[in-house]
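One structure is given here, and the rest of the page talks about it.
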Amino acid sequence: MTPLLRFLGGISIFAGVFFSFAAVVAILRFPDVYTRLHGGTKALSGGAILILLGAMPYAGGVAGALKLFLIAVFFLVSNPMASHAIARACHRRALANRPIDEKRRGDV
Amino acid sequence: MSEPLLAFLYFFILLTAVVAVLLDDLLSSFISLSVTGVLMATVFALFRAPDVALTQAIINSGLVTSLFLVAYSQTQRTPSPAGECRECPFWLRWPGAALVSSLFAAVLFRGLYVLSGDRIPGSTSAHYLSQTLEETGALNVVAAILLDYRAFDTLGETTVIFTAVFGISLLLSGGKYVHSGHGLSFIVKRGMALLTPFILLYAASILFLGHLTPGGGFQGGSVFATVAILICVVYGTNFEAARISPKSKETFEAGGAMLFVFIGLLGIAWGGGFLANLSGPFPAGTPGSLFSGGNMLLLNLAVGMKVGAGLSSIFYTMIKILELEDDSWPS
Amino acid sequence: MAVMSFLTVSLLFALGLFTVLSRRNVFKTVIGLTLMESAVLLLLISWAYIPGGSAPILPLQGKGVDPLPHAFTLTAIVIGACDIALAFAFIMKLNRFERSVNVDDFRRLKG
Amino acid sequence: MTEPFFVVAAERVLPALLAGALVAAAAVYGEGYFDAVEERRAFRALLRVFFFSVIGAVFSSSWLVFFVFVEISTVALFLMIAIQRRDVAEGYLQIQLVGASFFLAGIAGASIMGGALLSSPVPRVLLPLFILGLGVKAALPGLHFWLPEVHGTAPAPVSALLSGFAVKLGVFGFLAALPSEPHSFLLAAGAFMALWGAFRAALQPDVKRLLAYSTMSQLGYIVAAAAAGSQVGTAAAIFHTAVHGLVKGMLFFCAGILEKTYGTKKFSGLGGGAAALPWTFFLFVFAAASLLGLPGTPGFASKGLIKEALHGFSPISLCLLAANVGTAVSFFKMGAFAFGGVQKSPRKILQGRLRLMNGGMLMLVVFLLPLGLFPGWAPSFLGVEGIRFYSFAKCAESLSVALAGALLFAAYRKKPGFADALLRRIDEAGSCFSCVSERGGAFVRSVQSGFLRGYLFAAVATALLLMLWFSR
């Protein structure tokens, strides 16, 4: 049973690595903030979760696998929130480039 | 502990460090610095140092970067020209600095190379590894060292944190806090409400199981601080101040220190030395259970309270400067 | 294995020193200090590792790794974080006075 | 067994008493002397620091403790001089630090070769370092160029402390460092200092510089006595240190009063002081008499003891006698120009302040009288018994010296032109003190580039080079 799981795990880890690679290419190639942001989130939500799921059979027994699963769930919940926050900030900044904000923040 | 994996990690640590140094844009250089921190944490884990890896991951790559972001966003920077100045004397520009630091690296490496004989563990660490269970009843040897054999040092360390907090609030005090940020969007707020209990549970587990599994006062406390910081950022500082008022942070911090010293005095009252553990009034308990290891649980709690309250009040003091009226802060 | 760690440590420390010496921006100095500090941490931990040793959590599988440097490194990280927090506070205060983060501008104490 | 930091011995109690008397008198005097309130407050604070450091230095048991406290007193004095004259104070500090570095090098050598305790004499090979280091402090010839400049311009109470006690610390160092056999170089240096100081004092146009040079000459007496190497010599040196400290303190106080009433230190601006300041004139006469060593005054007793100590070295005691004549000339000059002569327009200083200043001088007299009336007390306290002070020959000798001084001064008064010409040439050649401190200050300022990173660079580079050099 476990060698089958390990084999499937290997495949999902490979898929995860592929997702991460795709995300890097996305960040380099996409023109503006929003598309790059979309590409970036793929690295975490796609790549990391797949790698974690793939590593579950290799972790020490059921307890280790459960931990990895919980981490994957945590990524699944927190990552979209983060990218949403970034996107919203960019959106507000682009529209509302009020002078006050600029003076307070100073240029980057 | 495979050699190529370590080489790979070392290469990337150096790469991200060089990127952090050479980039002119501060934000990205600090992000690459935190990547270095995470890679360091993995290296520590590979070197069989789970406690240190946990602390490194939380503090160096987590909290320090968030503190940087606050400091970075607060300072008004005139567009500073390129990395180093034109009119500085020769030895202040990068050739001179590169010369001295490479010479330094050569001398340091030559010195270290001499040390690289076969590593025999010193007698003290052998004693720690063998005697910890009898003498302290704890399973995590590093926590036993920190909280039992060298508890006095940990007391000193908590005072260091206290002085840092004290110094920072002294430096950044003054100015009227008029309005606070409104936090992020609704989605993030709801999502955060979902996640916070789990993060708190995670922090509590690190804190209370500190003497059994890797973790302890510092790591648990800093995760608590991270929760406070997240609330600050997501819901806005007024919301956070309403929930965990600065007053209660102070009492938590002071309370932590007082608890630590009280436990120490209990040791004396019982006839053992200051901070005496099993020779003091604390039962050893069955090893592996929550209440084993004498006063370590309480000490962990005390340190956790102190570090948690301290780091969150540092962040709170710094971020409040952001929301001042423009010039109410006496320069 | 140990030689590789020592090489990384000395390079990392030299990089930190280089940053502090050559860069004018105060934040870069803080980055330099962090790099130097992490180099020291790396040295301590890599020096504490015994090939084939296991984590210092009882019951030990095989011989344990040297736990003493771990305790010191733990303390070092926490205290390093406090230093850096204080450094940031200083930078914010200095910036309030000097309106710049250029380290060569802070010359009020010059003799 | 870690030896104690401080040890109390007979020959240390007398200097401590002297320091106490001087500081007390300076405190009272300082209240009246300084015009601004902050100056007065600064002087009060620094006075206590000076007293603390001096007591520490006097009772210190090992060279390092002595060095530490001496340096604290130097810093205190630097700050005191800086109350009014910052540039002179900086010059003073730089010179003293140079001396201190030699002294520290000597101590390091001594501690390596064993014998770091103050009681054990210093190994011979290190003696030049000690002499150089302490010489700057005790203004040996060649190292004395800072003395007139600093004492001349410092505020009166500060220069009283400076020449009353601070300079003596160097002498205490000599007393502890010198092996107990006569040291020829120091004997010659002492005699030369006495002669050079006395006659240069006579030629000075300025009251305080006159007193500064006479301090140098009296130091010559003390150094000569210390260099005699015998028990009597040490006792004579310490006794004369005490007497000279008190008397010179009074004279500098008197100079301060003259400066306050006539607004200038130059003799040209002074005159008719006796009428304007009767009390001050009376105290001045007592102090001058004691410094000349007229019978009945403490000066007579201490100079007698010095002659006793230098019994075997007749040429040295002859020089000291001639120096005494020079001192007589300078003090007759000071008396005549400052207090006699045509009445210049004195500025009215508040009666209360004058009373305070005179009170300071009076306190010193209270300490001086017992030393004069019971000359045997101090030497016996220091362990030297059975010295006959009052013999007809001794009294006649001291009176004749005073008479010779008076005649010489009368002659000098007839044609002052000759002296002034001589004076100007010597002054330019002798002390280019200000140019030394200017160049030193400029160099230090240029090194401090203000680049924080520059300092770090220098530190790391030197550390590396040192490490490489040591580990080659």
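All of these numbers come straight from a predicted model, not from anything done at the bench. A note on names: the letters A, B, ... follow the listed sequences, proteins ahead of strands, and every chain is numbered from 1.
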task = Below 4.5 Å from any heavy atom of chain B, which atoms of Ser38(C) appear? Answer side chain, backbone, both or neither.
result = both

ask   = Do you know which of Ile314(B), Val107(B), Leu146(B) has the most heavy-atom pairs with chain C at a distance under 4.5 angstrom?
value = Leu146(B)

inquiry  = Report which part of Tyr128(B) has an atom under 4.5 Å of a heavy atom belonging to chain C: side chain, backbone, both, or neither.
reply    = side chain

task = Could you tell me which portion of Ile145(B) (side chain, backbone, both or neither) has an atom closer than 4.5 angstrom to a non-hydrogen atom of chain C?
result = side chain

Taking every non-hydrogen atom, the tightest pair across Met4(C) and Ala7(B) = SD-CB, 3.7 Å

task = Step through the shown structure and confirm whether more than 12 heavy atoms of other residues, nucleotides or ligands are within 6.0 Å of CZ on Phe109(B).
result = yes

ask   = Is the closest side-chain heavy-atom distance between Lys93(C) and Leu170(B) below 4.5 Å?
value = no

message = Does any backbone or side-chain atom of Thr154(B) lie under 4.5 Å from a heavy atom of chain C? Answer side chain, backbone, both or neither.
response = neither

request  = Verify, without hydrogens or angle tests, whether Lys28(C) (side chain) and Ser29(B) (backbone) share a donor-acceptor contact under 3.5 angstrom.
outcome  = no

key: Side chain, backbone, both or neither of Ile161(B) within contact of chain C (heavy atoms, under 4.5 Å)   = both

remark   = In terms of heavy-atom contacts, Ala164(B) and Leu86(C) come closest through O-CD1, 3.8 Å

message = Counting heavy-atom pairs closer than 4.5 Å to chain C, which one of Tyr113(B), Phe11(B), Phe104(B), Phe315(B) comes out on top?
response = Phe104(B)

message = Counting C-beta onward and ignoring hydrogens, is there a side-chain heavy-atom pair between Leu42(C) and Phe44(B) closer than 4.5 Å?
response = yes

Residue part contacting chain C, namely of Val165(B), when any heavy atom lies under 4.5 Å = neither

remark   = Bottom line for Ile84(C): the part with an atom under 4.5 Å from chain B's heavy atoms is side chain

task = Please examine the side chains of Phe88(C) and Val70(B), heavy atoms only from C-beta on, and report whether any two atoms are closer than 4.5 Å.
result = no

inquiry  = Measuring from atom CG of Asp66(C) to atom OG of Ser125(B), what distance do you get when rounded to the nearest 0.5 angstrom?
reply    = 3.5 Å

remark   = So, the part of Phe68(B) with a heavy atom under 4.5 Å from chain C: the answer is both

task = Could you look at Leu133(B) and say if it's the side chain, the backbone, both or neither that has a heavy atom under 4.5 Å from chain C?
result = both

note = Whatever's closer than 4.5 Å to a heavy atom in chain C on Leu212(B) counts as backbone

